[in-house]
2 protein chains.
Amino acid sequence: MNLREFLKKQGLNFTKQREIIFSTLYNNPNHLTAEDLYLVIKKQHPELNIGIATVYRTLAMLEENGLISFIQCSNGKKFEISKSHHDHLICTACGKIVEFHNNEIEKLQEKIAKENSFKLTNHIMQLYGLCEECQKKEKEKL
Amino acid sequence: MNLREFLKKQGLNFTKQREIIFSTLYNNPNHLTAEDLYLVIKKQHPELNIGIATVYRTLAMLEENGLISFIQCSNGKKFEISKSHHDHLICTACGKIVEFHNNEIEKLQEKIAKENSFKLTNHIMQLYGLCEECQKKEKEKL
DNA sequence: GTCAATGCAAAATATTTGCATTCGT
DNA sequence: ACGAATGCAAATATTTTGCATTGAC
């Protein structure tokens with residue numbers, strides 16, 4: 001997805017700030033909060049003198065348009081570039097996030113929605129637990 | 001679950017505030033935020049003169065001990081009494097929440113965790129969409 | 001009486017908004 | 001040039017914390 005073209009199509013201006021917010025998310029394998037992004041960009045592009053409000057506004061705009069998505073964590077929303085739909089396994093000890101996709105579950109979700117006369121637009125599924133390493137660390141503690 | 005006995009077992013004091021926070025959640029069919037609870041209790045038990053900090057502290061304590069659970073909504077955590085595990089269908093138009101449980105999905109979640117060497121402790125799954133009434137309203141608008 | 005729990009107010013966090021200025025087209 | 005987008009600072013909203021006081025046991 002070309003950001004410049006996308007913005008043009010929406011009648012929005014292409015700006016250095018929007019470009020960098022998008023590319024920073026694009027090039028970062030992690031899920032980032034608005035604050036994270038703000039700090040990273042401030043460090044990597046000090047000449048830009050970016051404002052936190054711009055980060056929030058841009059993230060909201062990109063999210064509304066489906067270019068990025070987020071998971072709601074205890075410390076706020078964490079954003080990522082929208083790829084094909086996937087859900088998350090989250091380690092409660094080290095915070096590691098693993099993405100996965102499962103068609104069977106998606107079908108069952110649709111079935112449940114149908115049974116309740118809901119028309120689904122979206123969903124979140126987050127599985128919390130301990131990753132392999134943190135399970136080992138747990139054992140060592142004992 | 002008897003709150004008084006539970007607190008005793010944990011070495012915690014039984015207080016009027018804790019009793020009322022718990023019973024208010026218990027008797028309310030809705031999912032309530034800390035703020036919601038604070039306002040309801042203030043109205044229904046003005047003599048108690050409850051503080052918002054007590055509500056937050058009590059909810060955190062009850063949640064840590066598994067007596068209540070919450071779903072993370074855009075406007076904060078919404079609490080409910082812990083019943084047998086279930087997930088949520090949420091109408092994005094009117095905010096209606098429908099609870100459901102599906103064993104097949106739970107099994108698939110365990111399978112996914114196993115494939116990724118995670119040991120699951122918990123999960124959240126929220127399906128967003130339009131409930132029957134709001135779908136009708138949508139149509140009427142056009 | 002002792003220590004846990006509370007209310008209050010202040011602090012910390014997270015996010016949004018108003019507005020003058022800058023920038024993209 | 002014009003309106004959209006920005007940075008800044010102030011405003012909001014949400015949750016947490018310090019502390020003196022109250023209340024449970």
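Within every chain, numbering begins at 1; the chains are lettered A, B, ... in the order of the sequence lines, protein sequences first and strands thereafter.
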K.L.:
To the nearest Å, how far apart are A/Ile20 CD1 and C/dG24 P?
P.N.:
12 Å

K.L.:
Between A/Glu80 and A/His31, is any side-chain donor less than 3.5 angstrom from a side-chain acceptor?
P.N.:
yes

K.L.:
Could you tell me the separation between the CD atom of B/Glu19 and the P atom of D/dG23, rounded to a whole number of Å?
P.N.:
16 Å

K.L.:
Students often get this wrong, so: under 4.0 angstrom with heavy atoms, is A/Ile52 touching a base, only sugar-phosphate, or nothing?
P.N.:
nothing

K.L.:
Take atom CD1 of B/Ile41 and atom P of C/dG7, then tell me their distance rounded to the nearest Å.
P.N.:
10 Å

K.L.:
What is the distance from CD of A/Gln10 to C1' of D/dG3, rounded to the nearest Å?
P.N.:
18 Å

K.L.:
If I take atom CG in residue B/Leu39 and atom C1' in nucleotide D/dT14, what distance separates them, rounded to the nearest angstrom?
P.N.:
13 Å

K.L.:
Applying a 4.0 Å non-hydrogen cut-off, can you work out what B/Leu59 is touching in the nucleic acid: base, sugar-phosphate, or nothing?
P.N.:
nothing

K.L.:
Short question: side chain of B/Ser69, backbone of B/Ser82 - any donor-acceptor pair under 3.5 Å?
P.N.:
no

K.L.:
Give me the one residue out of A/Glu115, A/Lys107, A/Lys114 that meets side chain to side chain contact (heavy atoms under 4.5 Å, CB included) with A/Lys111.
P.N.:
A/Glu115

K.L.:
Step by step, work out the side chain to side chain contact (heavy atoms under 4.5 Å, CB included) result for B/Asp36 and B/Asn28.
P.N.:
CA-CA 11 Å; B/Asp36 291 339; B/Asn28 199 308; over 6 Å; no

K.L.:
Could you give the CD1-to-C1' distance, from A/Ile50 to D/dC8, as a whole number of Å?
P.N.:
14 Å

K.L.:
Map A/Ala60 and B/Tyr38 onto DNA chain C by nearest heavy atom, then report which one ends up closer to the 5' terminus.
P.N.:
B/Tyr38

K.L.:
Whole Å only: how far is the CG atom of B/Leu48 from the C1' atom of C/dT6?
P.N.:
10 Å

K.L.:
With a 3.5 Å cut-off and just heavy-atom distances, do the side chain of B/Arg57 and the base of C/dG7 make a donor-acceptor pair?
P.N.:
yes

K.L.:
Both B/Ala53 and B/Asn13 contact DNA chain C. Which one's nearest nucleotide lies toward the 5' end?
P.N.:
B/Asn13

